[in-house]
Undergrad: 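Following this message is one structure expressed as structure tokens.
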Amino acid sequence: MELITTGERTVFADDVIKNRGLVRAKHLTWTEPRNGLIVYAGKEFLRVIFLTGVNTAASYFNIKAGEVAAGEWQILYTADMKEIVEVA
């Protein structure tokens, strides 16, 4: 199961990535991965909310399909906690 589809432009596979999916993601500029919940799953980017660890504040980050294809992200994704997809 592929997370990214390539063609004329790089986009997320909308039959795989869904809202409310769980993600463990690490951008190459981060020292540690972040665990979060996908709140927007579009073709070009995903918006993921996560707890910052400061009080109970929530924040978000975006994962762009082009950056995933370029190898800038390490991602573990699951929609059902039965099957986990890895992009490294």
Side-chain angles (χ1 to χ4, degrees):
M1 176 169 45
E2 293 294 320
L3 208 60
I4 296 289
T5 59
T6 55
E8 292 180 21
R9 62 179 202 200
T10 302
V11 296
F12 285 103
D14 57 0
D15 59 330
V16 176
I17 298 289
K18 304 284 186 196
N19 288 341
R20 298 180 304 279
L22 301 174
V23 173
R24 180 173 179 85
K26 182 182 178 297
H27 190 266
L28 59 89
T29 61
W30 299 350
T31 57
E32 293 189 16
R34 296 176 184 164
N35 300 318
L37 175 72
I38 297 174
V39 294
Y40 174 79
K43 290 245 181 230
E44 286 82 25
F45 75 95
L46 307 175
R47 177 157 294 148
V48 180
I49 61 169
F50 69 101
L51 295 176
T52 63
V54 178
N55 298 323
T56 54
S59 191
Y60 73 90
F61 58 90
N62 293 325
I63 302 174
K64 296 178 182 175
E67 292 176 353
V68 174
E72 296 181 29
W73 289 90
Q74 295 175 346
I75 299 172
L76 294 172
Y77 167 79
T78 185
D80 58 8
M81 295 301 290
K82 293 178 183 176
E83 182 178 1
I84 298 175
V85 178
E86 181 174 8
V87 177

Undergrad: If you take all heavy atoms of Asp14 and Lys43, which pair is closest and at what distance?
TA: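 Residues Asp14 and Lys43, closest heavy atoms: OD2-NZ, 3.1 Å.
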
Undergrad: State plainly whether one hydrophobic cluster holds both Trp30 and Phe50, where clusters connect Ile, Leu, Val, Met, Phe, Trp and Tyr through side-chain heavy atoms under 4.5 angstrom apart.
TA: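 Yes, Trp30 connects to Phe50 through the hydrophobic network.
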
Undergrad: Say whether, by atom type as modelled, one donor and one acceptor occur between the side chain of Thr52 and the main chain of Ala58 under 3.5 angstrom.
TA: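 No, Thr52 side chain to Ala58 backbone: no donor-acceptor pair under 3.5 Å.
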
Undergrad: Closest approach of Ala69 and Thr10, non-hydrogen atoms and distance?
TA: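 In this case the closest contact between Ala69 and Thr10 is CB-CG2, 3.6 Å.
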
Undergrad: First locate atom CZ of Arg24, then atom CD of Glu32, and finally report the distance between them rounded to the nearest 0.5 Å.
TA: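 Between atom CZ of Arg24 and atom CD of Glu32 there are 8.5 Å.
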
Undergrad: Are Ile38 and Tyr60 connected into the same hydrophobic cluster when the rule is that any two of I, L, V, M, F, W, Y join if their side-chain heavy atoms are below 4.5 Å apart?
TA: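 Per the 4.5 Å side-chain linkage, Tyr60 and Ile38 are not co-clustered.
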
Undergrad: Report yes or no: do Phe45 and Val11 belong to one cluster of Ile/Leu/Val/Met/Phe/Trp/Tyr joined by side chain heavy-atom distances under 4.5 Å?
TA: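 Each belongs to a different hydrophobic cluster.
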
Undergrad: Can you tell if the side chain of Leu22 reaches within under 4.5 Å of the side chain of Asn35, non-hydrogen atoms only?
TA: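 No, side chains not in contact.
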
Undergrad: Could you report the tightest heavy-atom contact between Ala25 and Ile75, atom names first, then the distance?
TA: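 In this case the closest contact between Ala25 and Ile75 is CB-CG1, 4.3 Å.
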
Undergrad: Is there a chain of hydrophobic side chains (I, L, V, M, F, W, Y, each step under 4.5 Å between heavy atoms) that links Leu76 to Val16?
TA: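 Unlinked, Leu76 and Val16 end up in two clusters.
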
Undergrad: Please report the closest heavy-atom contact between Tyr77 and Lys18, naming both atoms and the distance.
TA: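 Heavy-atom minimum between the residues: OH-N, 3.1 Å.
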
Undergrad: Should Met81 and Ile17 be regarded as members of a common hydrophobic cluster, given that ILVMFWY residues are connected when their side-chain heavy atoms come within less than 4.5 Å of each other, either directly or indirectly?
TA: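 Different clusters: Met81 never reaches Ile17 through Ile, Leu, Val, Met, Phe, Trp or Tyr contacts under 4.5 Å.
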
Undergrad: Between Lys64 and Glu72, does any NZ, NE, NH1 or NH2 come within less than 4.0 Å of an OD or OE carboxylate oxygen?
TA: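 Not counted as a salt bridge, because no side-chain N and carboxylate O are separated by less than 4.0 Å.
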
Undergrad: Report yes if some heavy atom in the side chain of Leu46 is under 4.5 Å from a heavy atom in the side chain of Phe12; otherwise report no.
TA: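 Leu46 reaches Phe12 side chain to side chain.
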
